[in-house]
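Everything on this sheet refers to the single structure shown next.
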Amino acid sequence: MRYSDLFTKTIKEIPADEAARNAQLLIQAGFIHKEMAGVYSYLPLGKKVLDNISQIVREEMNAIGGVEIELSILQNKDIWEKTDRWDDEKVDNWFKTKLKSGTELGISLTNEEQLANALRAFVSSYKDLPVYIYQIQKKFRNELRAKSGLMRGREFLMKDLYSFSRNQQEHDEFYEKAIEAYMKIYKRLGISGATYRTYASGGIFSKYSDEFQTLSEVGEDTIYIDEAQRIAINKEVFNDEVLGELGLSESELVEKKAVEVGNIFSLGTKYADALDVFYTDEKGNRKSIIMGSYGFGISRMMGLLAEHFADDKGLIWPEEVSPFEVYLALLERDKKTAGKAEELYHKLQEKGVAVLFDDRDVRAGEKFADADLIGLPFRVVVSEKSLKAGGVEFKKRTSKETEILTPDELVKRLTSS
RNA sequence: CGGGGUGUGGCGCAGUUGGCUAGCGCGCGCGCUUUGGGAGCGCGAGGUCGGAGGUUCAAGUCCUCUCACCCCGACCA
């Protein structure tokens, strides 16, 4: 893509109404636009990042048998009343609206009820199970106080998977597979070293739920880490009894701030029972379906990555997430240099390298500053100077060193590994 | 929801105890010069001061109400 086709602009000054580093950087670099508190629009670069994170999550969910769907956002009140999760006294962060007729509707904040209910149309036998269904979709939560940029919004992108199993063992096996899949995702995102499987409150369904917490100063959660075992425990369930059960010793634990980047729950049969979702087993018996839910905040992850991988010059995207792989900067716009840059731009695209081609008529310093701020993994400069030196200048975002490569060497470098 | 803070061109800000046609920087447009780390000079466009009401000869400056945004706390199934 050509920089001149992005309609966004980077800005020099830090937005005054954002204190969160992730929002400051993403706004400065033109990835997002703030609409109101806790509500952001995603601009071309930001949209690509969301898509890239989504794709990683999608691949790992598919790998464990997930099937992608897209549920409606408008919610039928009747279904939620069956599980007693409609009343504002019970669930206080609903957004609700009304039909012209006066009928109340909910705006999706999670989807257990809806999907369990829909399942009645398709699942009735043990032969139909298990199923693992997920979607990547906006969620809306009427938070009393939005904060920390993308970390806690009122509208956010989330992957939510729901598992429907025939018995506890089948559920437990999938649950463990889901944990492994989550770990793979964090690895691909480049944050596995800072991310811990964390025991947290399981709510009313099971003793614990599993959270995935990434260490960060902006985190809202406090966790206690056992570094040797690579597990952690959320402060909300921290007590001697729990420590004993998990085989953790208080002396080994270190207190840290962290961001919840995933949370998976065993839900038992509550939803299925309340909504009358059963299956018939091999012997003709009516059985309850066991559910689990597996959340992953895509937009929150974008905020976390922005915060986690950044320096004083700007963002530093992990390769799999970066909106483009290469920032190609043309310095002088004379015919010869521009021609070489155009040639390289097309060549890289042919080879499948995602390039952001800065063809604007601005000074070198501005291009370098933008390249750093936007934070693509690699920067390539085509200039009189580089051509004289025998090619193009190549630099990693994380390195100070540059090297001169021929166009062929560059292509090779970017297409290997 | 409790406490604290802030709303002035697209962005960041300044506007003394109310007083003349509301300023500055960035950005934007034009011209000349410049050209490898967000250039320099000149000219120019752009705001009615979050909104409503009030006090006053006079309100961006004072009062009342209201909306929005940020931070801390509470909340987060």
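Computed over heavy atoms, backbone and side chain alike; hydrogens, waters and symmetry mates excluded. Just so you know, these numbers come straight off a predicted model, no measurement behind them.
- Applying the salt bridge (charged side-chain N to carboxylate O under 4.0 Å, His left out) criterion to Glu332(A), with sequence neighbours excluded, gives no partner residue.
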Would you give me the side-chain donor-acceptor pairs under 3.5 Å for residues 362-372 of chain A, sequence neighbours excluded?
| from | atom 1 | to | atom 2 | distance (Å) |
| --- | --- | --- | --- | --- |
| Lys367(A) | NZ | Leu330(A) | O | 2.6 |
| Lys367(A) | NZ | Asp358(A) | O | 3.0 |
| Lys367(A) | NZ | Arg360(A) | O | 2.7 |
| Asp370(A) | OD1 | Thr10(A) | OG1 | 2.6 |
| Asp370(A) | OD2 | Tyr3(A) | OH | 3.2 |
| Asp370(A) | OD2 | Thr10(A) | OG1 | 3.4 |
| Asp370(A) | OD2 | Arg360(A) | NH1 | 3.3 |
| Asp370(A) | OD2 | Arg360(A) | NH2 | 2.9 |

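- Under the salt bridge (charged side-chain N to carboxylate O under 4.0 Å, His left out) criterion, Glu176(A) pairs with Arg197(A), not counting sequence neighbours.
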- [ ] Toss me the dot-bracket line for RNA chain B: Watson-Crick and G-U wobble, both under 3.5 Å, 5' to 3', using | for pairs to another strand and [ ] for crossers.
- [x] (((((((..((((.....[...)))).((((((.....)))))).....(((((..]....))))))))))))....
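- In this model, a side-chain donor or acceptor of Asn93(A) finds a partner on the base of A77(B) within 3.5 Å.
- Legend: residues meeting side-chain hydrogen bond (donor to acceptor under 3.5 Å, both in side chains) with Gln24(A), ordered by chain and number and at least two apart, are absent.
- Scored by the salt bridge (charged side-chain N to carboxylate O under 4.0 Å, His left out) test, Lys287(A) finds Asp281(A) as partners (sequence neighbours excluded).
- Residue pairs meeting the ring pair (Phe, Tyr, Trp, His ring centres under 6.0 Å) criterion with at least one member in residues 18-40 of chain A, sequence neighbours excluded: Phe31(A)-Trp317(A).
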Donor-acceptor list for residues 254-262 of chain A side chains, cut-off 3.5 Å, not counting sequence neighbours:
| from | atom 1 | to | atom 2 | distance (Å) |
| --- | --- | --- | --- | --- |
| Glu255(A) | OE1 | Tyr224(A) | OH | 3.2 |
| Glu260(A) | OE2 | Asn263(A) | ND2 | 3.3 |

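- With sequence neighbours excluded, no residue satisfies salt bridge (charged side-chain N to carboxylate O under 4.0 Å, His left out) with Glu173(A).
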Identify each atom pair where a protein N or O and an N or O of nucleotides 1-8 of chain B are less than 3.5 Å apart, giving names and distance.
none

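- Within residues 357-374 of chain A, the residues approached by RNA chain B to less than 4.0 Å at the level of any non-hydrogen atom are Arg363(A), Ala364(A), Gly365(A), Glu366(A), Phe368(A), Ala369(A), Asp370(A), Asp372(A), Leu373(A), in residue-number order.
- Listed by first then second residue, pairs satisfying side chain to side chain donor-acceptor pair (under 3.5 Å) with a partner in residues 299-310 of chain A read Asn22(A)-Glu307(A), not counting sequence neighbours.
- Between G27(B) and Lys9(A), no contact under 4.0 Å exists linking OP1 or OP2 to a side-chain N or O.
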